[in-house]
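Below is one structure, written out as structure tokens, with a few remarks after it.
Numbering starts at 1 and runs along the sequence shown.
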Amino acid sequence: LGKRSMDPGVGAGVAPRFFSLAEVAQHNTEKDCWVIVHDIVYNVSEYLLKHPGGYDLLWKHAGKDCTADFEGMFHSVKARNILQSLAIGQLQPSDRKATKGLNPYAARAMAMGSSGGGTGPYGLGRPAAAVGSDPFKVPTVPNSRRAQPPPIAQVIDQVSFRTFKLTATEDVSSDTKILRFAIPYDGKLNVPPGKHLIVSTVVDGKMTKREYTPITDETGYFELLVKRYPNGPISSFLHSRKIGDQVMMRGLFGTLNWDPETFVKNYTHHVLIGAGSGITPLYQIILAFFKTEKLKGSPLKVPLIFANRTKGDILLKSKLDAIQADYPNKFNIVYVLSKREGDEAFPVVSGRLDNPDVFKEAMGGSFSTLDK
């Protein structure tokens, strides 16, 4: 969370600082976001983009009381400890609401159980003797109640944003990078072919998002291929990230339910056609094909027609060429360039794919190499 300068009055032996509802309501921007939970005022500005449940869940309560929603989500002790670390004061008594019935540390909650020795739900929270004492004191929680690593199934979620730490970058071209993100607890995305995730951030005070297809999905990390566009807010945001930065994502999405074994069983050729950064979902499919053991003994062949403007715009070329070298009788690439420079060291079809003659030439080349 980083260091936070505590406002006067939030600490042991110091009179608490009080705020009115009107004062809290003024702090309602992404850079200055306050919320109220159980009459305590919190500055969550630094935590917005780190919130595991997503930026929106906090942002919609900026400058307001969010006690009901906070308790409705059954937050863990770890989450409550983080919240307490962001406390800056209390709501003035004249503005307080009757929310004690929701307060996990209120005596009224004792009926919900006390197996942990506390007065809150499930026995958590401060002991009965501590009720009414320092509201900023973090309760002592038995080790068995502490937050545990999430199961792999929760690595990414379609509804709530998760944050992933950038651990490495690789320049592919002057405007394209491969970004590697760590998955906590050696988790794995388990991305089926044809599925993608959504990257989101705040640009000019508004949530902005873009879809990306992971090109690598391994235990402990995944990678995104990101081409920067002059007017692309998300691609520019990703290119500006530094090692250690956190990025919000959610997923997985996609209507394509693709099974390589179906094609291995029923077809002799599966032609892939793509252009520019649209290679990423095709690359995902290609990897899935050549991880399918049945492919090695089947007649299925996978020609790829890959269109770009110039040779410098071809993404993942070294990786694609390596696959072709490993499976020369199964996989073939036809590169189509709309603007040839004349010094290409590999076979090229000249023109645009929307030209019928160019398309016919590319298709003929893709089949002739594999079927000769």
Nearest heavy-atom approach of Ser235 to Tyr229 is OG-N, 3.1 Å

Is there side-chain contact between Arg96 and Leu91, with at least one heavy-atom pair below 4.5 Å? yes

| request: Please check if atom CZ in Arg340 has more than 12 non-hydrogen atoms from other residues, nucleotides or ligands closer than 6.0 Å. | output: yes

By salt bridge (Lys or Arg N to Asp or Glu O under 4.0 Å), Asp175 pairs with (sequence neighbours left out) none

inquiry  = Here's one to test your reading of the geometry: is the NZ or CZ of Lys330 within 45 degrees of the ring axis of Phe289 and under 6.0 Å from its centre?
reply    = no

d(Glu170 CD, Thr176 OG1) to nearest 0.5 Å is 11.5 Å

dist Arg352:CZ -> Arg309:CZ (nearest 0.5 Å) comes out at 10.5 Å

query: Do Thr216 and Ile178 touch side chain to side chain, with heavy atoms closer than 4.5 Å?
result: no

Minimal heavy-atom distance between Phe331 and Ile323, with the atoms involved, is CD2-CG2, 3.7 Å

Taken in chain and number order and not counting sequence neighbours, the residues that satisfy side chain to side chain contact (heavy atoms under 4.5 Å, CB included) with Thr169 are Leu166, Leu179, Ile243

The side chain to side chain contact (heavy atoms under 4.5 Å, CB included) partners of Leu282 (sequence neighbours excluded) come to Leu272, Ile279, Leu304

Point to revise | Expected output: side-chain His196 to main-chain Pro281 donor-acceptor under 3.5 Å | key: no

Contacts of Lys195 meeting side chain to side chain contact (heavy atoms under 4.5 Å, CB included) (sequence neighbours excluded), chain-then-number -> Val191, Pro192, Leu252, Asn257

Please examine the side chains of Ile234 and Tyr212, heavy atoms only from C-beta on, and report whether any two atoms are closer than 4.5 Å. yes

Notebook entry, point to check: Side chain of Glu361, backbone of Val349: donor and acceptor closer than 3.5 Å?
Noted result: no

Residue set satisfying side chain to side chain contact (heavy atoms under 4.5 Å, CB included) with Thr219, at least two apart, ordered chain then number -> Asp186, Lys188

Report task. Find out whether Val37 and Cys66 are in side-chain contact, i.e. whether some heavy atom of one side chain is under 4.5 Å from a heavy atom of the other. Result -> yes

Here the gap from Gln284 atom CD to Asp217 atom CG, rounded to the nearest 0.5 Å, amounts to 8.0 Å

Does Phe164 reach the side chain of Phe222, with side-chain heavy atoms less than 4.5 Å apart?
yes

**Message:** Under a 3.5 Å cutoff, is there a donor and acceptor pairing between the side chains of Asp313 and Thr310?
**Reply:** yes

Exercise. Is there a donor-acceptor pair closer than 3.5 Å between any side-chain N or O of Asp95 and the backbone N or O of Gln92?
Worked result: no

CD1 (Ile286) and CD1 (Ile333) are apart, to the nearest 0.5 Å, by 7.0 Å

Exercise. Can you find a pair of side-chain heavy atoms, one from Phe237 and one from Thr208, that are under 4.5 Å apart?
Worked result: no

query: Is it the case that more than 12 heavy atoms not belonging to Lys64 sit under 6.0 Å from its NZ atom?
result: no

Hits for ring-ring contact (aromatic ring centres under 6.0 Å, His included) against His27, two or more places apart or cross-chain, chain-then-number order -> Trp34

Nearest heavy-atom contact between Gly312 and Ser173 is O-CB, 4.1 Å

I'd like to know whether OH of Tyr267 has more than 12 heavy-atom contacts from other residues, nucleotides or ligands below 6.0 angstrom.
no

The side chain to side chain contact (heavy atoms under 4.5 Å, CB included) partner of Ile273 among Val334, Leu353, Val336 is Leu353

- Could you check if a side-chain atom of Ile285 sits within less than 4.5 angstrom of a side-chain atom of Val302, using non-hydrogen atoms only? no

Item to complete: Look at the side chain of Thr280 and the backbone N and O of Ser277, then say whether any donor-acceptor pair between them is shorter than 3.5 Å.
Response: yes

Within a radius of less than 6.0 Å around NZ of Lys311, do more than 12 heavy atoms belonging to other residues, nucleotides or ligands occur?
-> yes

Donor-acceptor contact present, side-chain Ser85 to main-chain Ile82, <3.5 Å: yes

ask   = Quick one: does Cys33's side chain get under 4.5 Å of Asn43's, heavy atoms only?
value = no

Backbone N or O of His38 within a donor-acceptor pair of the Thr67 side chain at under 3.5 Å?
yes

